[in-house]
Amino acid sequence: MAPNNEKISTLISKEELQKRIKELAKDIGKDYEGRDLLIIAVLKGSFMFLADLIRELDCHVGIDFMGTSSYGASTKSSGEVRITKDLEQSVWGRHVLLVEDIVDTGLTLRYLVDTLRARQPASLKVCALLDKPARRRVRIGLDYYGFIIPNAFVVGYGLDYQEKYRGLPYVGVMEDEDQHS
Ligand code: 5GP
C-alpha cells in the first residue's frame with residue numbers, strides 16, 4: 001500500500017481495471033489480427049496500463065515511448081504541450097496504437113496524434129484507459145477507452161500527484177485537491 005492513501009478514495013478497483021483491460025485487449029487483438037502492431041505509450045502515467053494490456057494481447061507488439069510535459073507540481077493543466085522524449089523508431093508504414101493513461105482537455109492527445117500522423121504510419125488509433133470528458137477543449141476521438149470518469153483529479157495505477165501514488169493498484173480520487181477553481 002502506498003503511504004497517505006487515507007486521502008484517496010477508490011474510483012476504479014484493481015479488479016475492475018483488470019477485467020476491463022482484458023476486454024480491451026480482446027477487442028484490440030481482434031482488430032489487429034495478422035498485423036504487426038507498434039504500441040506507443042505516453043510516459044509516464046501509462047506504463048502500468050501498458051504492462052497489463054500487452055500481457056493480455058494475443059498479437060505481436062512492438063513498444064516505444066513518448067514523453068510529454070505534464071502538470072508538474074500542480075493538478076491544473078498548463079495547456080502547453082511539449083515533447084520531452086521522442087520515439088526511438090520510425091512509425092512510417094506501421095500500424096500504430098497510441099496508448100494514453102488519461103485524456104482530460106485532449107490537448108496532449110491532439111498534439112501527439114497530429115505529430116504522429118505527419119510521420120505517415122499505415123494506421124493510427126488511440127487507446128486511453130481513462131476518459132475525463134468534462135474539461136475537453138479539443139475534439140478528439142478515442143478508438144478504445146477503458147472508463148469514462150467524472151471531473152476529478154485521479155491518482156494511482158501509474159498516475160501521480162507530485163510523483164506520489166503511481167504504485168497504487170487502483171485508480172483513486174485525491175480528496176484534498178481541487179483542480180476546478
Ligand atoms: P490533457 O492534455 O488531456 O489535458 O492531459 C493529459 C495528461 O494530463 C495526462 O496524460 C496526464 O499526465 C495528465 N492528467 C490529466 N488529468 C489527470 C488526472 O486526473 N490525474 C493525473 N495524475 N494526471 C492527469
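Both counts, for ligands and for their atoms, begin at 1 and track the order of listing. From a predicted model like this one, the values you see are computed outputs, not experimental measurements.
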Please report the shortest heavy-atom distance between Gly29 and Leu57, naming the atom on each side.
-> N-CD2, 3.8 Å

Would you say Leu159 has any N or O atom under 3.5 Å from an N or O of ligand 1, going by distance alone?
-> no

Looking at ligand 1, does any of its N/O atoms fall within less than 3.5 Å of an N/O of Val103?
-> no

Given Asp104, Asp101, Thr68, Asn151, which one has a non-hydrogen atom that is nearest to atom 12 (O) of ligand 1?
-> Asp101

Selection from Val42, Ile102, Ile140 by shortest heavy-atom distance to atom 9 (C) of ligand 1 = Ile102

Can you find a non-hydrogen atom of [X] under 4.0 Å from ligand 1?
{"X": "Gly45", "value": "no"}
{"X": "Leu107", "value": "yes"}
{"X": "Tyr161", "value": "no"}

If the cut-off is 4.0 Å to any non-hydrogen atom of [X], which atoms of ligand 1 fall inside it?
{"X": "Gly106", "value": "1 (P), 3 (O), 4 (O)"}
{"X": "Glu100", "value": "10 (O)"}
{"X": "Lys132", "value": "16 (N), 17 (C), 18 (C), 19 (O)"}

Compute whether any side-chain donor of one residue and acceptor of the other, for Tyr157 and Asp101, lie under 3.5 angstrom apart.
-> no

What's the verdict on salt bridge (Lys or Arg N to Asp or Glu O under 4.0 Å) for Asp114 and Arg119, showing C-alpha distance, side-chain angles and the deciding distance?
-> CA-CA 9 Å; Asp114 290 348; Arg119 300 180 187 181; over 6 Å; no

Which one holds for Leu109 and ligand 1: side chain close, backbone close, both close, or neither close, with close meaning a heavy atom under 4.0 Å?
-> neither

Counting heavy atoms under 4.0 Å, the part of Ala152 that contacts ligand 1 is backbone

Asp143 side chain to Val126 backbone, donor-acceptor under 3.5 Å = yes

Check ion pair Arg20-Glu23 (N to O, under 4.0 angstrom) = yes

Lys14, NZ: over 12 other non-hydrogen atoms inside 6.0 angstrom = no

Return yes when atom CZ of Phe147 has more than 12 non-hydrogen atoms of other residues, nucleotides or ligands closer than 6.0 Å, and no otherwise.
-> yes

Quick one: is the NZ or CZ of Lys125 closer than 6.0 Å to the six-membered ring centre of Tyr32, and within 45° of its axis?
-> yes

